[in-house]
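Note on naming: letters A, B, ... go to the chains in the order of the sequence lines (proteins, then strands), and numbering restarts at 1 for each one. Worth knowing before you read on, the calculation uses all heavy atoms, side chains too, and leaves out hydrogens, waters and symmetry mates.
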There are 2 protein chains.
Amino acid sequence: MEENKHVTIYDIAERLNLATSTISRALKDHHTISDKTIKKVKKTAEEMGFVPNTLAAGLRGNKTRTIGVLIPTVTQPFLSSLISGIEITAQKSDYTVIIMQSHDSYEEEVNMAKSLYSNRVSGVICSLAMETRDTAHFHQFSNNNIPLVFVDRVPKDYNTFRVVIDNYTAGYKATKHLIEQGCIRIAHLTAGSELGNLYNERKRGYIEALKDHNIEVEEELIINLNSVTYEDGVKASNALFDLKPIPDGLFAPGDILAVSAVQTAKKRGIKVPEEFKVIGFNNDPISQIIDPNLSTITHPAEKMGKAAAEIIIKNLMSAKNDDAKEITFLNTEVLARESTEK
Amino acid sequence: MEENKHVTIYDIAERLNLATSTISRALKDHHTISDKTIKKVKKTAEEMGFVPNTLAAGLRGNKTRTIGVLIPTVTQPFLSSLISGIEITAQKSDYTVIIMQSHDSYEEEVNMAKSLYSNRVSGVICSLAMETRDTAHFHQFSNNNIPLVFVDRVPKDYNTFRVVIDNYTAGYKATKHLIEQGCIRIAHLTAGSELGNLYNERKRGYIEALKDHNIEVEEELIINLNSVTYEDGVKASNALFDLKPIPDGLFAPGDILAVSAVQTAKKRGIKVPEEFKVIGFNNDPISQIIDPNLSTITHPAEKMGKAAAEIIIKNLMSAKNDDAKEITFLNTEVLARESTEK
DNA sequence: ACAACAATTGCAATCGGTTGCGTAAAAATA
DNA sequence: TATTTTTACGCAACCGATTGCAATTGTTGT
C-alpha cells in the first residue's frame with residue numbers, strides 16, 4: 001500500500017516553480033492571478049490529488065465553515081429531521097456540520113459546548129437538554145461573536161436567535177379541534193421543564209381553549225410526566241382510564257404519548273375515536289402507521305433546521321453582530337385524521 | 001457585549017512567566033513538569049477561561065481525534081441508532097463525531113468523502129449510498145493510513161474493516177420462520193444494489209430456506225423494487241394481492257415495506273396474519289406500533305455503531321496498519337410477534 | 001524613449017499548540 | 001568539593017494555508 005503523504009500547496013508550488021501564495025490565490029480564483037496560471041495550478045493540483053487542509057485554513061483565518069449542532073439525541077424523528085434540514089442548507093453553502101448529542105444531560109451539554117468551541121465552529125445550533133437550567137455555557141459563543149441559534153427547546157431569556165413554533169397557539173388549536181369534534185372532558189399530559197418551556201406553553205394553550213369554550217379546567221385531567229416516553233405515557237393513560245367517567249378526549253403533546261394512549265385504550269377495550277379521541281403532536285411517522293391514524297399537530301422539523309442554518313450563514317456573511325436577534329416562528333397545523341373523527 | 005479574544009497558551013505563559021512549551025506540557029500532565037507548576041498552570045488556565053484550539057493541535061500533530069461518519073441519511077431509525085452508538089463510544093474516548101449525509105447519491109458521497117479528508121478526520125465510518133458503484137473515493141483514507149470501517153452496506157471487495165450482520169442467515173431465518181408458521185407460498189421483496197449487496201444476500205437466504213424445505217421458488221413472488229420506500233412497498237403489495245391465489249406469506253427486507261404490505265392488506269380486506277403472514281426487518285419503532293405487531297428481524301444498530309467506533313479507536317491507538325482487516329459479524333434474531341401468528 | 005500605471009507574482013509573518021533538543025539548577029554520588 | 005545524574009523548563013522549528021506589502025514584469029501614454 002502506497003503511503004501518500006498529504007499533498008500540500010508547497011508541493012504544487014515546488015512542482016510549478018511558483019510561490020505558495022500564488023498557489024493559494026490561484027486555487028480560489030483571485031483576480032490578481034492570470035488565467036493562464038490559474039488553469040495551470042488547478043490542473044496540477046488535480047493531478048497531484050491535492051486536498052486543502054481545512055485545519056490550516058481554519059487556524060489562520062479563524063473561521064472553519066463549520067456549524068456545530070448540539071441536540072439531545074439524533075434518534076427522535078423530529079430531531080433527525082431537524083438535522084436533515086440543517087445539513088441540506090449547510091451543504092449548499094459549503095458548510096460542514098458537526099453533531100453532538102447531550103442525551104438530555106446538562107453535564108454532557110456543557111462538555112459538548114466546550115468541545116464545539118474548541119473546534120472553533122463558525123456557528124452553533126442548539127436544542128436544549130431537558131436537564132438544563134442555566135445557559136452560562138453558551139456565553140463563550142455569544143462573547144466571541146459566534147452566531148448561536150436555539151431551536152425548539154429554547155431558553156426564555158437569552159438574547160440570541162431562536163427558531164420555534166408557537167407552542168401556545170398549537171396547544172390551543174389542538175384542544176379546539178377536540179372540542180369541535182365533540183369532546184367536553186379533555187385530558188392533557190404535560191412535562192415540567194423550566195427552560196425549554198414548550199410543554200408549559202402547550203398547556204397554556206390547552207387551558208385557554210377550554211376557557212374560551214366554557215369548559216371547566218379539571219386538575220385531575222392534567223397529568224404531569226417525568227419523561228416523555230412510551231412507558232410514562234402508558235402509566236398516565238391508565239390513570240386517566242381509571243377515572244369515572246373517563247375523559248372523552250386527550251391532547252398529548254407528543255405522538256409517542258398519543259400512541260401509548262391509543263394502544264392502552266385498545267387494551268382496555270376503549271374505542272378510539274368513538275369513546276375517546278386523541279390528538280398528538282409532531283406528525284411523527286408512527287402517527288400514520290397506527291390504527292386508527294393519529295390526528296396530530298405538524299411540527300416543521302426540516303424547515304426549522306433550514307431556517308436555523310440560514311440564520312447562521314446569513315449572519316456569518318454580514319459580519320455585523322448588531323443585528324436584531326429575532327425570533328423566527330414557523331407555522332403549525334392541525335392534521336385531522338381518524339383518531340379524532342366524530 | 002465584551003469581546004473576549006480567545007485565550008491561548010501564550011496568554012497563560014505570559015501571565016505565569018513561563019514558556020508555552022511548559023504550559024502545553026503542564027496541561028497534559030507531562031512527567032517532566034513539576035506538580036507545583038502543573039497545578040499552577042491548570043488553575044490559571046481555568047481562571048482565564050482557556051479552551052485549547054483543536055485546529056492548531058490537529059494541524060501540528062496531524063491528528064484530530066475526530067471520527068467522520070458518512071451515511072445515506074440520519075432520518076432512518078437504523079442509521080440514527082447507528083450514529084447514537086458511534087457517538088456514545090467516541091465520547092468515552094474523547095473523540096468528536098462529524099456526520100455527513102450522502103442522501104444515497106454517489107456524487108454527494110464523493111464530495112463528502114473529500115470534505116472529511118479535508119477536515120483530516122482520524123477515522124471514517126461509512127455506510128454506502130445506494131447509487132455507489134465504485135469506491136475509489138475511499139482510497140484517500142486507505143492510502144494515508146486513516147482507519148476506514150464500512151458498516152451495514154459495505155463493498156464486497158475492499159480490503160478494510162467491515163461491521164455487518166449476516167444478511168444471508170438473517171434472510172434464511174426469516175423465511176424459515178414463515179415456513180414454520182405454516183406458509184407455503186412466500187413472497188419476497190428485494191432491491192438491486194451491486195455494492196451494498198445486503199438485499200441480494202437476504203434474497204439468497206430466502207431462496208435457500210425455500211429449497212431446504214422443498215418449496216418451489218416462484219419468480220412471480222419475488223418483486224424487485226426501485227427504492228425501499230413505503231410507496232414502492234404499496235405498489236408491490238398490490239401486485240402480490242392481484243395474483244390468484246395470493247401468497248400466504250411475505251418476507252420484506254425492511255419494516256417500512258412490511259408495514260406497507262400490512263396496511264395494503266388491511267385495505268383490501270385481507271386478514272393479517274390469518275390469510276397473510278408478514279415478517280419485516282430491522283425492528284424499527286413502527287414494528288411495535290402497527291396493528292398487528294410486526295414480526296421482524298433484529299438489526300443491532302447501536303451495537304454496530306459501537307463496534308465500528310471501537311475498531312477505529314483501537315486501530316488509532318495501536319498505530320500498526322498491518323492489522324488484519326477483519327469483518328465483524330453481529331447477531332440477528334427473529335422477533336416473532338403478531339403478524340406471523342398461526 | 002521614458003515616466004506612470006496596471007497586472008502578476010514573491011516574500012515572510014501569522015494562526016496556536018506540539019515536540020526534539022539543549023541547558024540551568026537541584027540532587028545524588030564519588 | 002568535584003562530578004555525574006535527575007529534574008524542570010526554555011528555545012525554536014514545525015504543521016499548511018492565508019494575506020499585507022514589496023517587487024517584478026508588462027502596458028499605455030506622451
Side-chain angles (χ1 to χ4, degrees), chain A residues 4-42 44-45 48-66 94 114-115 117-122 144, chain B residues 4-42 44-45 48-66 94 114-115 117-122 144:
Chain A
N4 293 337
K5 276 301 135 212
H6 307 261
V7 178
T8 72
I9 58 170
Y10 288 88
D11 301 325
I12 303 175
E14 191 175 21
R15 173 89 79 95
L16 294 178
N17 210 23
L18 288 170
T20 60
S21 50
T22 304
I23 308 298
S24 175
R25 290 182 177 116
L27 287 172
K28 42 180 52 180
D29 296 307
H30 198 278
H31 69 279
T32 65
I33 307 294
S34 69
D35 290 348
K36 212 187 340 173
T37 304
I38 289 181
K39 227 167 267 176
K40 194 166 55 176
V41 169
K42 285 189 175 174
T44 307
M48 298 177 73
F50 169 75
V51 179
N53 185 326
T54 311
L55 302 175
L59 175 59
R60 166 62 216 244
N62 201 35
K63 51 193 158 195
T64 55
R65 296 189 80 80
T66 292
D94 204 30
K114 190 178 288 187
S115 177
Y117 181 76
S118 182
N119 276 284
R120 296 297 187 270
V121 292
S122 297
N144 284 286
Chain B
N4 293 337
K5 273 304 134 209
H6 308 262
V7 178
T8 71
I9 57 170
Y10 289 88
D11 301 324
I12 303 175
E14 193 175 20
R15 173 91 79 97
L16 294 178
N17 209 22
L18 288 170
T20 59
S21 50
T22 304
I23 308 298
S24 174
R25 289 182 176 115
L27 287 172
K28 41 181 53 181
D29 296 307
H30 198 279
H31 68 278
T32 66
I33 308 294
S34 69
D35 289 347
K36 211 188 341 174
T37 305
I38 289 181
K39 228 167 265 177
K40 192 167 57 178
V41 169
K42 284 189 177 176
T44 308
M48 298 178 74
F50 170 74
V51 180
N53 184 326
T54 311
L55 302 175
L59 176 58
R60 168 62 216 245
N62 201 36
K63 51 194 158 196
T64 55
R65 296 189 81 81
T66 292
D94 203 30
K114 191 178 287 187
S115 177
Y117 182 76
S118 182
N119 276 284
R120 295 299 186 267
V121 291
S122 297
N144 286 286

Check: B:R60 side chain, D:dG16 base, donor-acceptor under 3.5 Å: no
message: Under 3.5 Å, is there any donor-acceptor pair linking the side chain of A:R120 to the base of C:dG17?
response: no
Tell me what [X] touches on the nucleic acid: a base, only sugar-phosphate, or nothing, going by heavy atoms under 4.0 Å.
X     : result
A:I23 : nothing
B:T54 : nothing
A:S21 : base
B:N17 : sugar-phosphate
B:T32 : base

Taking [atom1] from [X] and [atom2] from [N], how many angstroms apart are they, rounded to a whole number?
X     : N      : atom1 : atom2 : value
A:N53 : C:dC15 : CG    : C1'   : 13 Å
A:I33 : C:dT9  : CD1   : C1'   : 6 Å
B:H30 : D:dT7  : NE2   : P     : 14 Å
A:I12 : D:dT18 : CD1   : P     : 11 Å
A:H31 : C:dT8  : NE2   : P     : 10 Å

- prompt: Does A:Y10 or B:V7 map to a spot on DNA chain C nearer the 5' end, using the closest nucleotide for each?
  reply: A:Y10
query: Can you find a heavy atom in the side chain of B:T54 that is under 4.5 Å from one in the side chain of B:T64?
result: no
Side chains of A:T37 and A:L18 in contact at under 4.5 Å (non-hydrogen atoms): yes
field: Euclidean distance, B:E14 CD relative to B:T20 OG1, rounded to 0.5 Å
entry: 12.0 Å
